[in-house]
Structures are given as structure tokens and as C-alpha cells.
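Have a look at the structure below before the remarks.
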Amino acid sequence: MNPDWEELLQLATQWVAKYRSQVGSLPVLAQVQPGWLTAQLPAAPPAEGEPPEAWFADLDRLILPAVTHWNHPGFLGYFGITGSPPGVAADLVSSALNVNGMLWKTCPALTELEQVVLSWYAQALGLPGSWFGMITDTASTSTLLALGAARERALPGTRDRGLQGAPRLRLYCSQEAHSSVDKAAMVLGLGRDNVVRVPADAQFRMQPELLAAAVHRDRQEGYLPFAVVATVGTTSSTSVDPVPEIAEVCRENRLWLHVDAAYAGSAAVAPEFRWALAGCELADSFVANPHKWLFTPIDCSCLFTAQPEAFRQAYSLVPTYLTTDVAGAVDLMDYSFQLGRRFRALKLWFVFRAYGTKGLAEIIRKHVALAQEFAGWLEASKDFELLAPVPFSVVNFRWHPQGLDDEKALAEANQRLLHAVNASGRVFLSHTTLKGRFALHLAVGNMETDRKTVEKAWWEITNAAQTLGFS
Ligand SMILES: Cc1ncc(COP(=O)(O)O)c(C=O)c1O
């Protein structure tokens, strides 16, 4: 059967509207066990088409119970995200257009809107509007692409010859950098052992003098240092590496500088957070994810570079069937290993047009203020302690009842506390470790998270602490 377009879209929009209006009353964390959904679903596809009402009924019956609701205002784990209405609408349009922007001519609008929206995004953050950019699915992909370009610049011809017999490349990042840096090294054939994790200071920031020393030592030992990844907004503590000093080490040693600002980059849409991007204009490449903290539905990662030619040299490969006779156009496939390309620029475009840079800055400000207020409650409490500064919208803390000082016992107590809070279904927090200490991680990032939500989280946490004992 071929479903009727209008009827189907009506069902879909009604379903989405109902889901979004009720999501706050659903348990944040999926309450099912592994395998639950698989056991409910037929092992084989239906031989005959089924009516749409049946599929939509199964969304409610089978899918929603197995969803952890990132749209829930009480989702306070990892980095909170928002599928904002303009972003969701644009995703629908993108699916309906169903274009593939591998070449300019396969969808001029995709290629050109992507360039324009990336320039808007860079300007909104106070970064060079002249950078070349492309939108990828994730920061992991963006970082991999950037480091692939850096590898080719360091060892021209690696794309053809491979790394056999080549000097051993070394890559540097802080000990707080995201695991996507290691994964890029794995994929690029560098090996994880050649990712040098530079120690961070007491505020979780890379120490540039230790970076310089590591580069110097490696050179003497016969390695070929080629790139540094600095992080603006590390995954655990949201610390900001000193990019200007790191850029200087890169300049002196002719190293590619990639900045990973996946989460915190978007904060700079509010001018008072521009300090976080100081020195980033010196980077060879830079990534920030509007799907993390710019209210754009996943996936949307913005990769910028001051060295587009290095990307072309690393990735351009044109089989006959993809040659074109269009002069003066950018073909995005030349800058990436990916060929097919979804029209992701639409959702960032709609987001900018719906809220404007002022509206976006207001939401960022609200999130940071909520995190600061929560941190204030922790500091005023004798049973909790902050484990890291709070420069943005993330608070790392732990329950530290008086008289309980053994690290292992504290970690266990906090794990039990986290479990109890998350089992409530009303809020969801995640965890990490900071300088070896188990930390509870509360991140404000959803547009709909408000003061009431954060108060509720504080109540759940203190109530669970009381129930578990010690305090
Ligand atoms: C600093 C940082 N970089 C990169 C990533 C990876 O992001 P993605 O899921 O877009 O690959 C994360 C994920 O949280 C992150 O915090």
C-alpha cells in the first residue's frame, strides 16, 4: 500500500506535538532491560504493508518506553541538547527534499546555504567569517577529518603510499581531551600510543609548557610531532585549554592546531563568553556542535578550517562519474572522505532565523545562570562539594557527608546516590571522574529546563542522600 501523503504527515505532526507536550511527564531514563524491545518486535518484516495507524500505535506502545528522553527538561546528564521546533521542522523539510549534496550541481542550495550558515555561525561566535567550513554528523567525524588533513600536510603523499616506512607521527592533547581524539588516531593509522596526553593543571587545563617539553622530547627521540588538539569545554569539567599559548607552541613547531569546542563553542554567541574562544582564530581547524548547545537537533557538527587546500589535498578524489563542467563552484565531496551529504544546513538556518543571535544568547545565559545557582546551593551545603569550576552550564560535584573521607567509600556512596536519583525517573544526571574522584555531572542544556527543574534535581539529590544515610 502507498500511504496518503497528507494523512501520513498529519498523523506524524499530531504524534510529534502530543509527544512533545507530554514528554515532561514520562520517565527521563528508559525503564526497560536490555533486549526488551527486541523481544516485542517480529523477527521478520511484514509481507504486506500495514496501515499507518498501526505503526504510530507501536510508537507509543513499544518505542517510547524504550526511549531515554533527551527532550525531557529533567535530562541533566552528559551535555543536554534540544530538538527545538524550528530545527525539527527543518529536519522534516530536509527529509522531504531528500537531496544529496555530494556536488554543487547535485544541490546548489545545499552547498551554498551550508557555506552561508557556517559563515553566520562563525560570525555569531566572533570567529573569522572567512573560514571555510562544512557540516558533518558529529565532532568525532569533524576531528577525524581535520587530523587527516593535518597528517597529509605533515607527510604529503600518505593518502597514496600509506604509513608503511613513514616517520612515527605524534599527536598531542590534554589528559582531559575527548576520546574522539584517540579514535581519530586509531582510524588514521597513527595508533593510540602516539597520542600524547599532556597533563592538565588543577583547573583541568592543558599545560602549554608541558606540551612544548613533550614535543621537544619526542623530536629528540625521532618521532614526528604533527598536530595538537586543544579543547574549549572539556567533556568532564568543561575546562578551557589556554589556546593562545598552545597556538604559540604550534607556530614555533609547525604543528597543526585543531580546536575541539564541540560543547562550549556555541556559548560564545553570548558576547560575555567570547573569552573562551580567545586564540581560536589562530587554529588550522575548529569544531563546534550546534547539536550540543545551539538548540539544533542531532546531528549537526560545524567544522571550520583556515586551510581548505590541505583538506582538498587530503581528500579530493574524483571518479569519472562525479566529474562536472561547472566552473567556480565548491564541491563539498572534495574536502571530505564522505560522498553523500544530507541537507543539514537547513536546521541551523531555521534556528538562527527563529531565535536570532540575541535570542540564542539569552538561552545560553539562562542555562549558565541556572548552573551557577545550583553550584551556589552545593557550596552552601555542608554535605556536598563542588569538584570543578563552573565556567558554563555544567556542575561537577559529589556528596561528601561529614566523617566519610575514604575515596573508595565516597565513590560507592555517590554511585548509590546517582542510581537512586536516576531511578526516580524525574531527573537524569550522569557521572565522570575528575582527578580520580567520582563526580556527579549535572548539565543544563535543554531549552525547556528551567529553575523549577533544577530545584527538583536538588530536592531529588538531597532527599536521596537523606534516605541513603550518613547525613
Ligand atoms: C569535547 C567533546 N568533543 C567531542 C565530543 C564527541 O562529540 P560527537 O558525539 O559529536 O562525536 C564530545 C562529546 O560529548 C565532547 O564533549
Side-chain angles (χ1 to χ4, degrees), residues 68 70 75-83 87 121 125 133-148 171-188 195 197-198 200 204-206 227-243 246 257-268 273 276-277 280 283 285-304 336-338 342 344 347-348 367 371 388 391-396 428-434 439 441-446:
T68 290
W70 291 68
F75 187 103
L76 301 168
Y78 311 112
F79 287 134
I81 59 175
T82 307
Y121 186 44
L125 305 187
M134 61 193 132
I135 301 183
T136 75
D137 54 357
T138 58
S140 304
T141 298
S142 296
T143 294
L144 172 60
L145 277 169
L147 293 175
L171 166 64
Y172 305 80
C173 61
S174 104
Q175 67 190 157
E176 296 292 323
H178 190 259
S179 50
S180 51
V181 180
D182 297 277
K183 287 206 173 177
M186 286 153 58
V187 174
L188 290 167
V195 179
R197 292 236 168 210
V198 178
F204 310 98
R205 299 170 300 201
M206 193 201 289
V228 177
V229 179
T231 312
V232 170
T234 53
T235 311
S236 289
S237 73
T238 71
S239 60
V240 176
D241 285 340
V243 178
I246 293 170
L257 174 59
H258 175 66
V259 175
D260 175 359
Y263 154 72
S266 296
F273 296 109
L277 296 183
C280 288
S285 52
F286 174 97
V287 59
N289 280 6
H291 80 226
K292 287 204 196 304
W293 203 14
L294 208 75
F295 323 117
T296 307
I298 192 164
D299 49 13
C300 185
S301 174
C302 294
L303 171 62
F304 294 97
S336 170
F337 49 74
Q338 101 183 67
R342 184 174 159 75
R344 294 193 184 92
K347 49 189 167 185
L348 189 50
H367 286 173
F392 303 109
S393 69
V394 170
V395 188
N396 286 285
F428 170 74
L429 273 61
S430 59
H431 66 275
T432 188
T433 50
L434 288 166
H441 177 101
L442 179 143
V444 183
N446 186 311

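Side-chain atoms are counted along with the backbone in the values below, which use heavy atoms only and exclude waters and symmetry mates. Order of listing sets the numbers, starting from 1, for every ligand and every atom in it. Everything numeric here is computed off the predicted structure, so don't read it as measured data.
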Distance in Å, [X] [atom1] paired with [Y] [atom2], rounded so as to fall on 0.5 Å steps:
X: L303; Y: L145; atom1: CG; atom2: CG; value: 6.0 Å
X: W293; Y: T82; atom1: CH2; atom2: OG1; value: 11.0 Å
X: S142; Y: H258; atom1: OG; atom2: NE2; value: 7.0 Å

Subject >> Residues T141 and T136: side-chain donor-acceptor under 3.5 angstrom >> reply: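 There is no such pair between these side chains.
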Any N/O of [X] closer than 3.5 Å to an N/O of ligand 1?
X: T235; value: yes
X: Y263; value: no
X: S140; value: yes
X: A139; value: yes
X: D260; value: yes

Give the atoms of ligand 1, by number and element, whose distance to some non-hydrogen atom of [X] is under 4.0 Å.
X: K292; answer: 7 (O), 8 (P), 9 (O), 10 (O), 12 (C), 13 (C), 14 (O)
X: S180; answer: 4 (C)
X: G233; answer: 1 (C)
X: A262; answer: 2 (C), 3 (N), 4 (C)
X: H291; answer: 10 (O)

**OP:** Report the relative orientation of the aromatic rings in Y78 and W70; use parallel for angles under 30°, tilted for 30 to 60°, perpendicular for over 60°.
**Re:**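 It falls in the parallel class, under 30°.
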**OP:** Report the relative orientation of the aromatic rings in F304 and F286; use parallel for angles under 30°, tilted for 30 to 60°, perpendicular for over 60°.
**Re:**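 If you compare the ring of F304 with that of F286, the planes turn out tilted.
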**OP:** Among all protein heavy atoms, pick out the one at the shortest distance from atom 6 (C) of ligand 1; state its residue, atom name and that distance to 0.1 Å.
**Re:**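 For atom 6 (C) of ligand 1, the nearest protein heavy atom comes out as H178 CE1, 3.4 Å.
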Original post:
Is the CZ atom of F273 crowded by more than 12 outside heavy atoms at less than 6.0 Å?
Top reply: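 Counting neighbours around CZ of F273, more than 12 heavy atoms of other residues, nucleotides or ligands fall under 6.0 Å, so yes.
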Original post:
Does the pair S266 and Y121 meet the rule for a side-chain contact (heavy atoms from CB on, under 4.5 Å), with working shown?
Top reply: CA-CA 9 Å; S266 296; Y121 186 44; 2.6 Å; yes
**OP:** Record the part of F79 in heavy-atom contact with ligand 1 below 4.0 Å; permitted values are side chain, backbone, both and neither.
**Re:**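 The side chain, only.
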Subject >> ligand 1-proximal atoms of T143, by part, heavy-atom distance under 4.0 Å >> reply: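 Answer for T143: neither.
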Subject >> K183 side chain near S140 side chain, heavy-atom distance below 4.5 Å >> reply: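 They are not in side-chain contact.
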